[in-house]
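Notes for the one structure printed next.
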2 protein chains.
Amino acid sequence: MGVIDRKEREKVEMKRQILDAARSLFLEQGFEKTSIRNIAEVIEYSAGTIYLYFKDKNEILFALHVESFSVLMQAMQAGIMGETDPFERLISLGKHYLKYAFENPELYDLMFVMTAPMETLECREEIWCDGERAFETLKFVVSDCMKAGYFKDAENETISVMVWSLVHGLATLHLRRRTMIFPETKRIKLLEDAYVQFIEILKTYKK
Amino acid sequence: MGVIDRKEREKVEMKRQILDAARSLFLEQGFEKTSIRNIAEVIEYSAGTIYLYFKDKNEILFALHVESFSVLMQAMQAGIMGETDPFERLISLGKHYLKYAFENPELYDLMFVMTAPMETLECREEIWCDGERAFETLKFVVSDCMKAGYFKDAENETISVMVWSLVHGLATLHLRRRTMIFPETKRIKLLEDAYVQFIEILKTYKK
DNA sequence: TGCTTTTCTGAACACCGTTCATTTTATTTG
DNA sequence: CAAATAAAATGAACGGTGTTCAGAAAAGCA
């Protein structure tokens, strides 16, 4: 029967509609202020229908989180491919990561700050594969840097966590409004400078 | 009239009761799951009464945020006073900051991650003084390090933002469950190693 | 066409933050 | 002390939330 195939397609299509509506509402008015009823209204279905396609609101967040990772991964890959020198690759990787965070604040939040998507994973007893893949990419680049003599003989994973923490820290301090203490016009510059400075210091730590 | 003095004391006392109840509920079951009605129940008043002492829920969060900063500032001061060498002070400052974050995850969240307290400030058109004071402390220590020849001739503020971002990144990646990708037994060690490694790299960046 | 299965709805539930008329309590005045 | 006034506390109500589920509507099959 081609019917069940079509039904399957329709189910996927409906999930798409829900996610598209959810994403657009989230980006427009934030997560907190977006309700299931809002999403239902946009796709012109009743609120109850949403629950035939997603277990709960967290599962919608989680699905968007997965989507967003594929975009970030592309950006990161672009960052790597644009350079040949290992250390330049690391610099570019970080820049692309930060660029993604600043250009997609709500999505970055979903991927690396909100606890809701992690709760979905935990109750499914699954692993955070998307995060792991992104981190593996970083480790890969760090590994090449080490082969080129950078980072003396530190542990790859230690260096990678350090780099990740730094860029994540820069991103979240800003996205969660803690750069309020700096003049508005200088905030971005200060964060960029801090990143450049960090890279500069890293560069000098060679064998 | 001694009456209005007493009334004033009673008002302060009531605010204390509310904040104590709120803090204990928050630490116990998180912010999201604590309602005004919950708080009211603990102090054995009706929910409406809370609003005679605090404008809204955000203002309660903000008050706790202020409280928490005074504890963090003490911890940071202790970190500085425990050492005499400028660079050792910086190391200790960071350690105490991280210790506070890991020992008081909910409060750290309130101080540096949640947007609610910042919104209270923004609609009051005030400055985030508490954050500023903490950052000034860091800048002070960095300044002493620079006088001792560290950080070549980088900008104090740039270095300070970098250090803050790194420790904040370490803290939030963990508190918001993004260290799930590492084996549970090694998470803390990895974060500590990353901090030590960062310090080690910083140390070598001298004039 | 009638029967079954799938899909969808919308009312209901138990919450939430917040407001406000009303009642209770405390203070001041005659 | 009693009456009048002022302050504090209540609890119902409002409009919202996520979520569930009996019953209605639509689709697929005989």
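So you know, we letter chains A, B, ... as the sequences are listed, proteins then strands, and number each from 1.
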Length of the CG-C1' vector between A:Leu52 and C:dC8, whole Å: 7 Å

Give a yes-or-no answer on whether the side chains of A:Thr158 and B:Gln197 include a donor-acceptor pair shorter than 3.5 Å. no

Polar atom pairs between nucleotides 20-23 of chain D and protein, under 3.5 Å, N or O only, would you list them?
none

Run the side chain to side chain contact (heavy atoms under 4.5 Å, CB included) test against A:Asp144 and tell me which residues pass, sequence neighbours left out. A:Pro86, A:Arg89, A:Phe140, A:Lys147

Please confirm whether the shortest side-chain N or O distance from A:Tyr45 to OP1 or OP2 of C:dG10 is below 4.0 Å. no

Using the side-chain hydrogen bond (donor to acceptor under 3.5 Å, both in side chains) criterion, which residues pair with B:Thr115? Sequence neighbours excluded. none

Any donor-acceptor N/O pair under 3.5 Å between D:dG16 base and A:Arg37 side chain: no

Testing the 3.5 Å rule here: is there a donor-acceptor pair between the side chains of A:Thr120 and A:Glu59? no

Check the pair A:Glu119 / B:Arg177 against salt bridge (Lys or Arg N to Asp or Glu O under 4.0 Å), numbers first and verdict last. CA-CA 9 Å; A:Glu119 278 158 23; B:Arg177 299 194 153 70; 5.2 Å; no

Does anything in residues 24-35 of chain B come within less than 4.0 Å of DNA chain C? Heavy atoms only, and list the residues if so. B:Thr34, B:Ser35

Could you tell me whether A:Lys189 and A:Glu192 make a salt bridge, using a distance below 4.0 angstrom between a side-chain N and a carboxylate O? no

Distance check needed: D:dG28 P versus A:Glu8 CD, whole Å only. 15 Å

Whole-Å gap separating P (D:dA8) and CD1 (B:Ile18): 13 Å

Given atom NZ of A:Lys11 and atom P of D:dA27, what is their separation to the nearest angstrom? 17 Å

Ring pair (Phe, Tyr, Trp, His ring centres under 6.0 Å) pairs touching residues 32-52 of chain A, sequence neighbours excluded, are none

What integer distance in Å separates B:Glu41:CD from C:dC15:P? 11 Å

With sequence neighbours excluded, what pairs up with B:Phe102 under the ring-ring contact (aromatic ring centres under 6.0 Å, His included) test? B:His174

Nearest whole Å is fine: how far is D:dG16 C1' from A:Asn38 CG? 10 Å

Rounded interatomic separation in angstrom, taking CD from B:Glu59 and C1' from C:dG17: 14 Å

Cationic tip of B:Lys15 within the cone over B:Phe54's six-membered ring, i.e. under 6.0 Å and within 45° of the normal? yes

A:Ile50 has an atom CD1; how far is it from atom P of C:dG10, in whole Å? 14 Å

Picking from D:dT10, C:dT9, D:dG18, the nucleotide nearest the side-chain atoms of A:Ile36 would be D:dG18

Which residue lies toward the 5' end of DNA chain D, B:Tyr53 or A:Glu10, if each is placed at its nearest nucleotide? B:Tyr53

